[in-house]
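Reckoned from all heavy atoms, side chains included, excluding hydrogens, waters and symmetry mates. Within every chain, numbering begins at 1; the chains are lettered A, B, ... in the order of the sequence lines, protein sequences first and strands thereafter.
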Amino acid sequence: MNKIDQKSSFMSRLTETVNNLLMRNETVLVLITIGLSVIIGSINSKFFTIGTIYEILLATVVWGIIGIGVGIVMISGGVDLSSTTIAIFSAYSATKIMLAINPDAPLILLFLIAIVIGGLLGLVNGLFISLFNIPVFFATLATATIYKALMLEYIGNIYITPAQMPQAALDFSRTYVLGGLHVSVLLMFALLILSYIILRYTIVGRGVYALGGAPESAARIGYKLNRLKLSIYIYSGMMYAIGGVVYVCNSRLADPYDLMDSRLTVIAAVVLGGFSLTGGKGSVWGVLLGALLSTIIRNNLILIGISSDWANFVFGLIFIAAVVLQAFNTARTKRRTA
Amino acid sequence: MENNVIELRDICKSFYGVQVLKNINLDLKVGEALCIAGENGSGKSTMIKIISGAYDYDYGMLKINGKEFPSITPSQSIAEGIQVIYQDFSLFPNLTVAENIGLSYHLLENKKAYNAKSSREIARESLNRIGVDLDLDRLVEDIPVAQKQIVAIARAIMQDAKVVIMDEPTTALTQNEIYRLYDIINNLKASGVSIIFVSHKLDEIFAVCDRVYVIRNGKEVANYPVDQFERGKLSYYMTGAEIYEEAFVPEELSEEPVFEVRGYSNRNNFKDISFKIHHGEILCITGRLGSGRGELAKTLFGVSPATEGEMFIHGKPVRVRNVSEAIKHKIAYIPDDRLAEGIFLRASIKDNLVAVILDNLKNKLGLVNEKVKAKSAAEWQERLAIKATLGAPGQSLSGGNQQRVVLGKWLASNPEVLILNCPTMGVDVKSKSEIHELIREMAAHDIAILLISDDIGEILNNSNRVIVMNDGRISFEAETETLDYDSLSEKITEIL
Amino acid sequence: MNSIILKIKDILGLGVKDPSKVKTNPLTQRNVQLVLAIVIFFGIMVINRPDTFLSSTNIKSMLIQISDVGIFALAMALTMIAGGIDLSIVSLANLVAVINAVLLKAVITDTTSNSAIWLWLLVCLAIALIVGFIGGVINSFLIANLGIPQILATMATMNLYLGVSTIITGGRGIIGFPQQLLNIGSGDFLGIPYPFIIFLLFAVIMYIFLQRTPYGTKLRLYGLNQRATFFSGINNKKVIYQTHILACMTAAVMGLLIMARTNSATVDYGGQVIVTTLLIGILSGVAALSGVGNAISIILALFLNQLINSGLNLLRVSSFIREMVPAALLITIISLEFVLYRTRERRLNRMALKLNLEKANNQGAVNE
C-alpha cells in the first residue's frame, strides 16, 4: 500500500471515527450532561463549585456500583430486577454477622462477608436462568421477592441504628481525600476500571458481548454458556453487595427495607447510559454517565428552583427521551444495512 | 482404521419425536474432500451439528481422531481441530470483523486475556488468504451478506484445523470468490486437512470433492468416489427414483398481463425491476443470496414501500405501500422462513388456516362465526390434503404439511397474485413435488405466480420464464426452455 | 380399565406419548389441572380449619382480595398473551385515583346532594376511562411505532405516571371520599361483594374479547409468532394498540375501585401487585410462554392463588413468607414447565429411536 492510499484511508477512517463517536450513546450522554450542568450552573453558580461536584459524585456512587452489575447482565441480554434487593440483603446481613462475631473488625471483613453473600445470591439467580432457561426478567423478579422475604423472616426486620453500626463503617463514612472527595468515589472508579478491563481485555468479558449478540454462535465457537452465565450473575451479585455496603456505610445505618424499591431507578440509569435491552451493547462508562445524569436530575433540580416533587416526572421524561433516541438509532442502523 | 479423522457409526437423532437421522455411517479420511449432498431438510445440517458438538446424538458412535466421544461439546470438537462454516454464518452482529475472526482463535488457544492486536493480525492474514480486503473495524451487522459469508469462511480457515466443514459456503459468493474458495480448499487438502463440503450444486461438487455422500430423509443413499459418480445421477439420489417431474409447459397465456411492475426500486436493495406475469404463467426470479431477490419479493408484498416504480394489476395502476394494501389488492406472499414467518407452531391448524381471513368470519355482532370458521378451515384442509386433525398444533406436522398449511392460509383469501419465496426450502422430496403440483394447478386457475427460488432444478421444471437478479438489477432474462442447469447456474454466479 | 387410566392421564396432561395423537386440547388440560389444585387446597383447608375457613367473613374477604388482584391480573394477562408485559398498570391506576381524589375534594362539600354526587362519580368514571385510553395510546405508540421493548416502554411510562401523581399530590395521600363511593367498595349484593361483581363483569368482557372476536385470535397468534402475523396480513400495530388500550382502561377503572376500597388515593399503592399479576399470567397459562389459557383459566388461577394465600394466613404463616409465595410459585412453575418439556422430548426421541431400530432389525432379518 503506498503512502497516498494510507493517507486517504486515514482521513476516511478519521471521519468515520468522528461519525461513530457522534452516533455513540456515550457522546450524546456527555453532551446532555454537560448541557444540563451548564443550564443549572448558569442559573445557580453554586453548582460549579468543587464541593457540589464532589457531592454529586458521592450521590452517584451507589448507583454507579450497582449499575455495573445491572449493565453487565444487560449486555448479556437480560434485565436484572434483583439488584437492589441483593445489595441490601448482603449489606444488612453482613453488618449483622460482623456485629455478632466482632464489631471492631476492620472494614474489609464487612465487604468480604457481603461479597460472599452477594455472590451466592447471584449464583442462585444464575442457576435458575441457566439450568431452567427461565427468562431473566421473571427469574430475578421472583428471586428478588424471595430474597426479601427470607431476609425479613430469618435475618432480621429491625434496622441497625448509627449507634450500633460497626466503628469501621462509621469511619469509612467520614473518610475524605483530595480536599473533600469521599473515598467511596475512588472505590467506584476502581470497580469501573476493573470491570472495564474484564469486559474489554478478557475472553470471559468478550464472551459477555458474544452471548448478548448471538448466544447460539457463542456456544458454537466454544463458549460454555452455562458457566459464562453463572460467572456473570456471580460477578453482578458481588457488585450489588459492594454497592449495598457502601450505601449502608454512607447512610450510617442498615435498614432492611431500604434500597429495594430503587431497582427500576438503576435499570433506568443503565438504559440512559446507552445499554440495549436486547443485549450486546454498552460499556461501563455508559453506566457512570447514566448514573451521573440521573443523580443530577434527582438531586440538583432544586438548585434551579424546581421542586423535588418534579424529580420523578422530569426523570421519567428524560428516560423516555433516552429510550426513544435509542430506538431511532437502532432503526437507523437497520435501515443502513437493509 | 487409523487414517480416518472422523467416523460416524449408526448415528440416530430425533427432534421432538421426529427422526431426522437414521443410522448414519460415515468415514472421513485424512486430506480427503468429502461432499455431502442432499435436499434441504434431508438431515445434512443436523449431521454437521452433531460432529461440531452443537447437538447431542441419541444413538450410535462418534469417533474423532481415533477417540470415541459418547457426547461432545463444541469446545471439545474445536479442540480436536474441527472448524465449521455454518449455513447461517453464526457471527456476532454486535462485534467487529476482527473480533469475530479473532475471538474463536483466542478460545481455541485457551487464552484468558483478549488481545485486540493479535485478533486484527489473525483476521488480516486470514482474509488475505481468501484474497479479500475488508474493513476490520466495522461491525458485522453493518456489512453486506456476501462479506458476512467471507468473514465466516475466514474464521474457519485461519486455525490449524484438521477438518473444515463448509455448510453451503457459496450461497452469497460471486464466481471469482467461489474459484478462490476452490483454491483454498485445494491448498488445505494438500496440507493434509480434510474437508466436508455440503452442497447440492453439481459443478461445485465436481470441482473440489474426492467423494460424494448423498443423504435423503436422514438416510445414506449413495457414497461413491467422485470419478465413479455419474453426474446425472445426483438428483436421482437426492430426490429418490419415484419422483419424476415433467417440465412445466404453460397452457394458453392471457393476452393482457395480470401483474406488472415497471421500474420498481427500493433504495440500494434493488433498482429498476420490470416484468409482467400473464395468466397461466409461472415467472421465476433467481439470484445469489444478497442479489436483492428476497427484498424484491418483500417489497412487492408491501413489507417496505418501493422508492420508485409502478405496479399494475389487470392493467390498473395500484399502490402497495404496506402489507394491508397488498392484501387489499389480493397479493399473497409465502415467506422463505416457514418456521419464523409462516406457521404458528403452537396454534391449531384451524387457527393457522383462517389467520388471513379472520375479519371475514365476523357475524353482525362482530363476533367470530364458529361455523363459518370451521367450514373454511375444513375446506382448505381437504383441498390441500393436510393429513392431521384441525385441532392439532402446527408443530405436530411435517415440513411439507406445514408448508401446505401456509399455502392454504393464503389460498383461503382468493389471491390474484401469489409470490412464493423459496416455497420448498426444508421440505421433504415427496411434499416438494406435491407443492410443485399445487403451484402449477394454481397457475392454471388464473393466479399470477411469481416463484422466487435458488434451487436450479426447481426453476427449470417449474417456470416458463426466468429472471436472474445480480447486485439488485435484472442481469438476465430468458424463456426457461432455452436454459439448462449449467447455463443458468453460470448466469447466477457471474459478476457484473 | 387401562383405557380409562389413559383417558384420565390425557385429560390431566400427563404421559402424553405422541403430540399428534393428543386428544384433549392443552387448554382443557390446564383448566382441569387448575380445578384439581383448587379442590385439593380447598379440601386441605376445610379439613384443617373447618369453622374459620368456611365462615362467611372469610369467604367474603377472599372474594374481595381476588377482585383487588383480579382486575389488574386481567389487564396484565392481555399484554402477556401478546408475549409482553405492562408494568405501568398499577401506577396508572394510582394516577387515576389521585386525579379523581383531587376532583372530588374540590367539588364535593357536605351540602352536595346525593344525585349530584352520583353525577360526579360518573364524571370520575369518564375521567378514568379517558386517562386509561390515553395511557394505552402512549404505551402502544412507544411499543408499536417506535419499536421500544414492552418492558422498557411501560417502565418509562410507569415512572412518568408516578411523577405526575407526585406533582399533583406532593407525595402525600389523599383521604376521605363520599360515602356513595365507599359503599361500592364495601357493600354487597346477596352476600357477594360489589368489587367481586365488578371483577366478574370485566372477566366476562375479557372472555368475549379473547374467545369470541377476531381480535382475540389475532392477539393469541401475535403472542405466538409476531413475524408470522405480520406476514399473514394481520395489522400488528393495531393489535398492540387494542391490547394496551384495553389493558390500561381496565387498570384505570381499578383506580376508582382502589379509592372505594381504601378510602384513599396514594402515589404508590399496590407495590406487590405486579408480581402477583405476573404469577397469574403464568399459572393460568395465558402468557405466550405457554400460550394455552383463556379467560376462565385466569379466574381459576386467581382462585387458586387466593386459596393458597388465605390458607397460609389461617395457618398463621408469617406475612413475610406469605408475600413470597406467588414469587416462589412463579419460578417453580416456569422451571417445571421447562423440565417437563425436556423430559417429554427425550421420551419422544427414545420412542422414535426404538421404532427405527426395530424397523432396521426387521429389514435386516428379511435381507438375510
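- For a residue to count as touching a neighbouring chain, one of its non-hydrogen atoms must lie under 4.5 Å from one of that chain's; by this rule Ile146(A) touches chain C with backbone and side chain alike.
- For Phe128(A), the part lying under 4.5 angstrom from a heavy atom of chain C is the side chain only.
- Applying the 6.0 Å contact sphere to CZ of Phe133(C) captures no more than 12 heavy atoms from other residues, nucleotides or ligands.
- The candidate with the highest count of non-hydrogen atom pairs below 4.5 Å against chain A, out of Asn159(C), Ile151(C), Ile85(C), Val325(C), is Ile151(C).
- In this structure, the portion of Leu278(C) lying under 4.5 Å from any heavy atom of chain A is its side chain and not its backbone.
- Counting only N and O atoms by type, the side chains of Asn145(C) and Tyr241(C) include a donor and acceptor under 3.5 Å apart.
- At a cut-off of 3.5 Å, with distance as the only test, a side-chain donor of Asn236(C) or Thr229(C) sits close to an acceptor on the other residue.
- Ser236(A) and Asp80(A) share no donor-acceptor pair across their side chains, judged by distance under 3.5 Å alone.
- Of the two parts of Tyr154(A), only the side chain, counted from C-beta on, holds a non-hydrogen atom closer than 4.5 Å to a non-hydrogen atom of chain C.
- With 3.5 Å as the limit, one finds no donor-acceptor pair spanning the side chains of Thr266(C) and Ser264(C).
- Looking only at atom types and distance, the side chain of Thr276(C) has no donor-acceptor partner in the side chain of Asn305(C) under 3.5 Å away.
- Looking at Leu131(A), the atoms closer than 4.5 Å to chain C (heavy atoms on both sides) all sit in the backbone: N, CA, C or O.
- Interface remark: Asp261(A) contributes no atoms to any contact with chain C (heavy atom separation under 4.5 Å).
- Heavy atoms closer than 4.5 Å to chain A are found nowhere in Leu279(C), neither backbone nor side chain.
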